[in-house]
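Only one structure is covered here, and it is reproduced in the block below.
In what follows, every chain begins at residue 1, and chains take the letters A, B, ... in the order their sequences are listed. Remember, it's a predicted structure, so these values are computed and weren't measured experimentally.
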Number of protein chains: 2
Amino acid sequence: MDQESANPKAPAGASKESRKPAARKRASRGPSIGDVAKAAGVSAQTVSRVSNGLTNVEESTKNRVLEAMKELGYRPNRAARALKSGQFKSIGVIMFTLSSFGNMRTLDAIATAASRAGYSVTLIPVQDPTTGTVSGAYERLREQQVDGVVVIFEAHLLDDTDISLPQDLPAVVIDSNPGFGYPMVDTDQAQGARFATQHLLDLGHQKVWHIGGPTTSFSATHREESWRRTLEEAGLEAPPVLHGDWSTESGYQIGLELGRKPELTAIFAANDQMALGAMRALHELGRRIPEDVSIVGFDDLDESTSFWPPLTTIHQDFYAVGRLSIENLLQQIGGTGSVNDVTTVPTSMVVRKSTAAPAVSARPTARKKRVAAEKG
Amino acid sequence: MDQESANPKAPAGASKESRKPAARKRASRGPSIGDVAKAAGVSAQTVSRVSNGLTNVEESTKNRVLEAMKELGYRPNRAARALKSGQFKSIGVIMFTLSSFGNMRTLDAIATAASRAGYSVTLIPVQDPTTGTVSGAYERLREQQVDGVVVIFEAHLLDDTDISLPQDLPAVVIDSNPGFGYPMVDTDQAQGARFATQHLLDLGHQKVWHIGGPTTSFSATHREESWRRTLEEAGLEAPPVLHGDWSTESGYQIGLELGRKPELTAIFAANDQMALGAMRALHELGRRIPEDVSIVGFDDLDESTSFWPPLTTIHQDFYAVGRLSIENLLQQIGGTGSVNDVTTVPTSMVVRKSTAAPAVSARPTARKKRVAAEKG
DNA sequence: GTGAAAGCGCTAACAA
DNA sequence: TTGTTAGCGCTTTCAC
């Protein structure tokens, strides 16, 4: 093994060598604008113009430059560009629980919309939603020189301080309360909850129970409020709410409790997973769905269509939420006119097999027979 | 409605305004290294040294600089740094279906591990896994000047071309086949499938059916191969495989088919969702779990613990996969010694309530009684 | 231990 | 239409 073919992975400690310019060719820093200029026989400026699609370049020159670019495999250096322009063409996303269905979908939409607009997405996952961690993430993002930030809140901060993000960086907040100081984008939680509750009311149910999400969650709160309001507007009193933590398991526990009430005929669960848990409990207790008890969820998971029975639920358009956040943010960044303070994404009702009119007492027998006939 | 409060959806065509420089104060380019230098009464280099934690600065000078930094709210400009060093301290992630449980978890781990190491994560979601889209994403990432790339493959490319990513950018591939040309990190699919199959065999089942994932999926293929091998090693013949598409619905359909076979006593499903669907089918067909049929899943979803019955499954450590990918990538970037070509993350068996010894015929009564006693 | 000079790749502004 | 000049904020020599 001679010196020539020595291991290229220059081991450390060779500081004696460090003076020597050596072979260490800086991991192929591709061709620069100057190289292209030379190759095409023009100035760097002209290359820059072509690179940026400016029009004031003669067709023939432009072609020459384009050819040279292709030949050399030129790609503009983003760092240099950013250094000049102060814009990184990148947006940051601060997110708590990455591992939830809705967040995933939203993130997917954000990343897609952003990259379509030529922006990259930098992700900062945060473990606990405290003021400190959020501010920290925000600071890190500023260091990264992002042009804007999307924050997915989901829940009140644990330490319950009102966080105030610096106002000098465009931002959009998802799943929060309005009046936060930043534009907000969110599913129309109130509408969805109203749909769900009204659907059960329309079927003839006299009492609609609610399995709520955690009280710290913004969306859970909004859903619960809307459920209550809908009942009140119908002249009904809202029964006490049982709160889960979004998990199937908590839905199961609550389902066990509710399922023991003989008068139970209708449940609106704040998400599909808790609805699933509740359904399991009802199955175990021998209460048929939807003959004995109707249940509506919220989210419309991919799986909900093949629950047993397929779940009637409220569809959330997470993609729209993500897309609109980026639209809003880009408007702020571009400084294009004023920006919506609150953007609301409508939900839709998906009626499947977990809801039906209540049995006997509340309804004429004729109806019950008809339902049975339809199923046969 | 006067002009001032006109619809914020700024209609196009307002190009007349674009000339006006207006108040747009270029989002506060914070203080530069020079400003800090001036404030501290030192040169910019000294500030740079302090900023980078070099030691050859006198304590008092250092403190003066630090103070000036804090005072001015200085934060280094990443673009300038990147321009100089050629390193962006950022890694790119190419990912197909964002909306799968495992991918989310993995992404979460990647983002966490990366940011812990001072790297940011740039996400590029790709719709269809074709050679074109992958190459495109890769190119975009290079333009972004990322220092390395993680590709989460999941499936053979649709056009089945062997993609060859340029070799000049460090990369790690997750969920692929080895020998791809890049280091690979993945769950030990074979081990997991063997655990699952052997578990059923150990319980006394003579025939273990398999609900496979899509044939294009690497992991599905690995699981199926391992299941087959395990059976063969036990001297048993593998029954025909029914392939789903990972969804609950496909599991349901296959469950309906399998459930009609009287001799069915044991199923190994390639993921938890298909197992869930199959369980629904079995419930509907009146076959009890685990008394009549045992079933094992793969993944260990959060919800699996509260399925009905709670699902016995193979736990995948997605966090480890993400973390190790970053470790590997960082090693490549840093050029620190050699790098593992294949990193395998072990699985673990989670025994819950969906598996038991087969009934009567296959086993001596004594055993059945003992199992029953244990359950009581 | 500290500072001065040069230049990374690009583009805005001006000059030709 | 094209080229020249200067400088974005930082770090890497090298000199003191």
Per the under-4.0 Å heavy-atom filter, residues of residues 68-76 of chain B near DNA chain D come out as Tyr74(B), Pro76(B)

Whole-Å distance, Arg78(B) CZ to dG9(C) C1', equals 17 Å

Exercise for review: Mind running side-chain hydrogen bond (donor to acceptor under 3.5 Å, both in side chains) on Thr46(B) and Arg64(B) for me, showing each step along the way?
Suggested key: CA-CA 11 Å; Thr46(B) 304; Arg64(B) 234 176 331 132; over 6 Å; no

Would you say Tyr182(A) and Val149(A) make side-chain contact, with heavy atoms under 4.5 Å? no

Taken to the nearest whole Å, NZ/Lys84(B) to C1'/dA5(C) is 11 Å

Here the distance between atom P of dG1(C) and atom CZ of Arg64(B), to the nearest Å, is 15 Å

Is any side-chain heavy atom of Asp175(B) less than 4.5 Å from a side-chain heavy atom of Asn103(B)? no

In numerical order, the residues of residues 33-61 of chain A whose heavy atoms come under 4.0 Å of DNA chain C are Ile33(A), Gln45(A), Ser48(A), Asn52(A)

**Asked** Between the side chains of Ser51(B) and Arg81(B), is a donor N or O closer than 3.5 angstrom to an acceptor N or O?
**Response** yes

With sequence neighbours left out, the residues meeting side-chain contact (heavy atoms from CB on, under 4.5 Å) with Ser48(A) are Ile33(A), Gln45(A), Asn52(A)

- Can you check whether Ile91(B) reaches Ile110(B) side chain to side chain, under 4.5 Å on heavy atoms? yes

When rounded to whole Å, the CG to P distance for the pair Asn77(A) and dC8(D) reads 18 Å

Separation of dT12(D) atom C1' from Leu83(B) atom CG, nearest Å, is 13 Å

Double-helix bend of the helix from dG1(C)-dC16(D) to dA16(C)-dT1(D), axes at both ends from 5 pairs, round to 10°, gives 40°

### Query
Looking at side-chain heavy atoms only, is the closest gap between Leu107(B) and Leu123(B) below 4.5 Å?
yes

Side chains of Leu329(B) and Gln332(B): does their closest heavy-atom pair fall under 4.5 Å? yes

| task | Output, in order, the C-alpha distance, side-chain angles, deciding distance and verdict of side-chain contact (heavy atoms from CB on, under 4.5 Å) for Ile333(B) and Tyr119(B). | result | CA-CA 12 Å; Ile333(B) 293 172; Tyr119(B) 281 74; 3.8 Å; yes

Applying salt bridge (Lys or Arg N to Asp or Glu O under 4.0 Å) to Arg323(B) and not counting sequence neighbours gives Glu327(B)

Residues at least two apart in sequence or cross-chain that pass side-chain contact (heavy atoms from CB on, under 4.5 Å) with Leu66(A), listed by chain then number, are Val50(A), Lys62(A), Asn63(A), Met69(A)

Notebook entry, point to check: Hey, does the side chain of Arg81(A) come within less than 4.0 Å of dT11(C)'s phosphate (OP1/OP2), counting only N and O?
Noted result: yes

